[in-house]
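Report on the following structure.
Position 1 is the first residue of the sequence, and the numbers go up from there.
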Amino acid sequence: MVTLSVGPILRTLRLSTILSLPLNAATSALGWVLVGPIIRHHLSDACLAPAAGCAAAAAAKVACTVATGVAQGVVASTISRRSIGESFDPDRDFHLVAQTRYRRWLWWTRLGIIITVIQFAMAIYLLLVVANDLTSDSSYNACFKGKDSEGKVISLVVLTWLVVLVQCITGSDVLRWRSFYASHDTAWRAHYREVFDNGIREALCCLGRVKYLSVMEDDEVYTVARLLGDLMAYRASGTGHFELLAGLALLQKHKVNVVIYDAQIEVPITRLKEAAFLHKFAEAAYTGPLLDLGRHPLMFPCVWVYRQGTFTPWTRNKRPSLEGDNWWRGHSAAFLNYVNLPPNSLLKGRVSQSKREAAYFVTVLHETKMAVIAIRGTETPEDLITDGLCGECSLNTEDLDGLINSDELDPLVREKVMESFPHYGHSGIVESARELYKQINGCLSSLLGEGCEYYGYEIRIVGHSLGGSVATVLGIMLYGQYPNLHVYSYGPLPCLDSVLADSCSNFVTSIVYNDEFSARLSVNSIVRLRAAAVRALSNDSSANSALISNFVKKIINISKKSDPNPQIAMTPVNTTITTISQNNKNNNNTNNNQINNNKNISYTLKGGAFLCGHAMACMMHSEHRNSNFETISPNNLHEHINPHYSSNDDDDDNNNNNNNNNNNNNNNNNNNNNINGGSIMETCGAHASEVYLPGLIVHIVRGEKENFENSILNLKSWLNDRNIEYKAFVVNKERFMDIVVSPYMFLDHLPWRCNYALQKALECRNKEKQEDSDLLTEDSLV
């Protein structure tokens, strides 16, 4: 049982709490002073209801604030005690205790928010009554019976509105978390694990997944919450969320370090054509409302209902039945309508999902003698959990049997794969691919086996985002049985180690459009991005030197400590509430208070503007044609902006064009990671292995035509995409190790944008081919 002493709690109060508590008490007292005479003398009750409501709400807020503070102190004390290594009852699970206490505090906080809303309503009510009383033509004013009453009523109005504004601006926390956790990153990680664990479960419950809310043991939701909590450990250095966003805004603004493509290796035209042709299957796999919400933000309900075949229920029996489809087989209709195929082309599929299961569709194209397996990307909460399960997962010989035992695999590549065991990949993706392999392997054998109906058909596996990564791992598992297999992965997540990523280049093609974030998204890239944001803040001329220097010093010094788990000198705990900073208040508290007091509000404004800017860009430019892309100049068409790619990395990549040097490349990249982000990795507690994009990587870039002058007179044609060209190049996987911060990093991931870029790149290639043919004809005539 955790009890709290008054002294330690008072030292942890927020300034807003110290301000709002007396204001609420004064509001309550003044309200009851006004209400008392009205009740005693049975006077007009015009001000009775609003004044009594304001007084009662203020009193309730005082009581709720005290209870919330006690609950918050219990939670913070529990986490801080555990983080400093204090003994814990072995019969009681720490996570269960922390989760229970956190939820208790959360419910008190929500009650406080409800009371604040009531206070806001009462403040409006009181203001309207007073305004009506003042503007009334009657000589009798119910609220103003003498000078004393007039002053009290006006004071009550002012106090009520002041309290509401203070509480709305400052938030619901009563105590300062930092006064408990100080600069102890373990405590901050544990705190944010509980925050994310409860937040994710409640979000899933709102989306109809009630089962997750009642689970108390460690499951896949808690695994995701642990990862997110570890990444939030930068709070231990005194840096706020908006300050980190301000650093990202500086990266986007300055755009330092340009990476130039060493060799302009264009994509084989056959792969580009097939990738453009098959993209519609990967896009059609989004049979839910998400696809229509992005393409038709205003009319998406009507478009989705139409695409689901709701208005043609009499055709239900003609549509194939999919696992988990609705009664009118709408998902089947949506897929077939998008790819424009007859119902008998769709042979098998699944749209229902549980833990780490991928939705898929199996179709056959008789004209091209091709079987297409389309795997859906992220669309449901289960998909998001799969994305978040990005820990390291070992790939055994059974998983790689199709690759190792394939007759089509180069012997040198096979030998390299065998020598570099064990291999690893993205945990959620690997487990989804394993489950899908069990589901689909028997189906393919019955369809494509010798003597079967579709014997001799080639296999194409396609997917966008998460679906593309699952398609890659599934393709590796099936390659030994079906050597005519090829995988086209659009905007995939990095999911394999370096050796496996290179070994599947012959039958896996990854398509990356412009600056899309997903192709660069991994635990390590997030950590490196955070390091780059911190460096951008430290180089900013308006940076707060005390804040940034302390942050950078902490990051640098952590990597120099010999003990990976340094013990903090702690005196015996005499009080029942524990804050990590109590025993070092002459040192740690002084420094932390100095950091907090010196925080520049400009970073909060910059971070907020950065967040709002990206939200506005997503709302205004969701369509591919009308978006104001950041273009590449004619002279630098093959350059790609990467805000934290060092020149040393660029030099390494100049020597990394040969696949036989991949092991050396991997070692070099690990060294670079240690230089650029290793110490920060220790700060956040994440020690993930590096994962890469698989297969042959095709990067589609967008640039201005050489004969186009970018002037204000040509702005209309520039926005209409008439003077923009698209180029597709084969690049090294190391190019996508770091996240690019740009205004369209999220929009570039939308599937229809990639499809549009593929079509344009193909048109550009065909046009160049035609021009070259014309030149050859002219030369021959000459």
Side-chain angles (χ1 to χ4, degrees), residues 278-288 290-291 307-308 319-326 329-339 341 343-365 370-387 399 402 426 428-448 454 457-479 481-482 485-493 495 507-508 694 751:
L278 292 172
H279 187 279
K280 62 182 179 181
F281 291 92
E283 194 171 347
Y286 292 99
T287 54
L290 185 63
L291 178 67
R307 198 162 62 94
Q308 286 258 321
R319 302 166 190 161
S321 177
L322 304 180
E323 181 183 343
D325 205 348
N326 45 45
R329 301 176 182 177
H331 291 277
S332 174
F335 182 86
L336 292 171
N337 288 338
Y338 198 87
V339 296
L341 288 177
N344 59 1
S345 298
L346 182 56
L347 304 180
K348 185 178 175 62
R350 176 178 66 188
V351 291
S352 65
Q353 291 178 277
S354 59
K355 300 177 182 178
R356 295 179 291 279
E357 290 184 357
Y360 67 94
F361 302 85
V362 180
T363 59
V364 291
L365 307 178
M370 188 182 297
V372 180
I373 304 171
I375 303 176
R376 192 187 65 197
T378 303
E379 189 176 48
T380 65
E382 287 80 7
D383 296 330
L384 288 172
I385 293 176
T386 302
D387 288 323
D399 297 324
H426 185 292
I429 292 171
V430 171
E431 292 182 16
S432 293
R434 286 171 178 168
E435 191 277 335
L436 186 54
Y437 175 79
K438 296 177 181 178
Q439 283 279 326
I440 213 169
N441 189 32
C443 173
L444 292 179
S445 300
S446 62
L447 294 175
L448 305 174
Y454 306 109
Y457 278 39
E458 295 183 346
I459 297 180
R460 296 294 180 264
I461 308 178
V462 299
H464 174 263
S465 187
L466 172 65
S469 299
V470 175
T472 297
V473 182
L474 178 64
I476 291 176
M477 296 177 178
L478 292 172
Y479 186 58
Q481 305 173 53
Y482 306 98
L485 173 148
H486 199 96
V487 177
Y488 288 97
S489 182
Y490 307 95
L493 301 171
C495 57
F507 61 94
V508 174

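- In this structure, the side chain of His279 engages the main chain of Pro751 through a donor-acceptor pair within 3.5 Å.
- A donor atom on one side chain and an acceptor atom on the other are found under 3.5 Å apart for Asp383 and Thr380.
- In this view, Leu384 and Thr378, Asp387 satisfy the side-chain contact (heavy atoms from CB on, under 4.5 Å) rule, not counting sequence neighbours.
- Judged as a ring-ring contact (aromatic ring centres under 6.0 Å, His included), and not counting sequence neighbours, Phe281 has no contacts.
- Listed by chain and number, the residues in a side-chain contact (heavy atoms from CB on, under 4.5 Å) with Pro320 are Ser332, Leu336, Pro343, Leu346 (sequence neighbours excluded).
- Within the 3.5 Å criterion, the main-chain N or O of Ala358 finds no donor-acceptor partner in the side chain of Ser432.
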Would Tyr482 and Ser445 satisfy side-chain contact (heavy atoms from CB on, under 4.5 Å), going step by step from the backbone distance to the final call?
-> CA-CA 10 Å; Tyr482 306 98; Ser445 300; 3.6 Å; yes
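- A search for salt bridge (Lys or Arg N to Asp or Glu O under 4.0 Å) contacts involving Arg356 returns Glu431, not counting sequence neighbours.
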Quiz: residues 436-444 side-chain donor-acceptor pairs under 3.5 angstrom, not counting sequence neighbours:
from: Tyr437; atom 1: OH; to: Asn441; atom 2: ND2; distance (Å): 3.4
from: Tyr437; atom 1: OH; to: Gln481; atom 2: NE2; distance (Å): 3.0

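- Not counting sequence neighbours, Arg319 has no partner by the salt bridge (Lys or Arg N to Asp or Glu O under 4.0 Å) test.
- Side-chain contact check for Thr287 versus Val351: some heavy-atom pair is nearer than 4.5 Å.
- Nearest approach of Ser489 to Ser469, heavy atoms of both residues: OG-N, 3.8 Å.
- Closest approach of Met370 and Leu278 over heavy atoms only: SD-CD2, 4.0 Å.
- Among all heavy-atom pairs drawn from Ile375 and Ala285, the shortest one is C-CB, 4.2 Å.
- Qualifying side chain to side chain donor-acceptor pair (under 3.5 Å) partners for Tyr490, counting only residues two or more places apart in sequence or in other chains: none.
- Scored by the salt bridge (Lys or Arg N to Asp or Glu O under 4.0 Å) test, Glu323 finds no partners at all (sequence neighbours excluded).
- Between Ala284 and Tyr338 the shortest heavy-atom distance is CB-CD2, 3.6 Å.
- Evaluation of the side chain to side chain donor-acceptor pair (under 3.5 Å) rule for Tyr286 yields His464 as partners, not counting sequence neighbours.
- Take Tyr360 and apply the ring-ring contact (aromatic ring centres under 6.0 Å, His included) test, not counting sequence neighbours, and it matches no residue.
- We find the CG-CG distance between Leu447 and Leu347 to be 5.5 Å, quoted to the nearest 0.5 Å.
- A search for side-chain contact (heavy atoms from CB on, under 4.5 Å) contacts involving Val487 returns Ile461, Ala471, Thr472, Leu485, Val508, not counting sequence neighbours.
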Determine, step by step, whether Arg460 and Leu365 satisfy the side-chain contact (heavy atoms from CB on, under 4.5 Å) criterion, reporting the C-alpha distance in whole Å, the side-chain angles of both residues, the deciding distance to 0.1 Å, and the verdict.
-> CA-CA 11 Å; Arg460 296 294 180 264; Leu365 307 178; over 6 Å; no
In sequence, state the C-alpha distance, the side-chain angles, and the governing distance for Leu466 and Thr386, and then conclude on side-chain contact (heavy atoms from CB on, under 4.5 Å).
-> CA-CA 8 Å; Leu466 172 65; Thr386 302; 4.1 Å; yes
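- For Gln308, the side-chain contact (heavy atoms from CB on, under 4.5 Å) criterion is met by Trp304, Thr310, Asn326, Trp328, His331, Ala334, not counting sequence neighbours.
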Check against side-chain contact (heavy atoms from CB on, under 4.5 Å), Phe335 and Leu322 = CA-CA 11 Å; Phe335 182 86; Leu322 304 180; over 6 Å; no
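- The main-chain N or O of Ala333 is found under 3.5 Å from a side-chain atom of Asn337 such that the two form a donor-acceptor pair.
- Atom CZ in Arg350 sits 10.5 Å away from atom CZ in Phe361 (nearest 0.5 Å).
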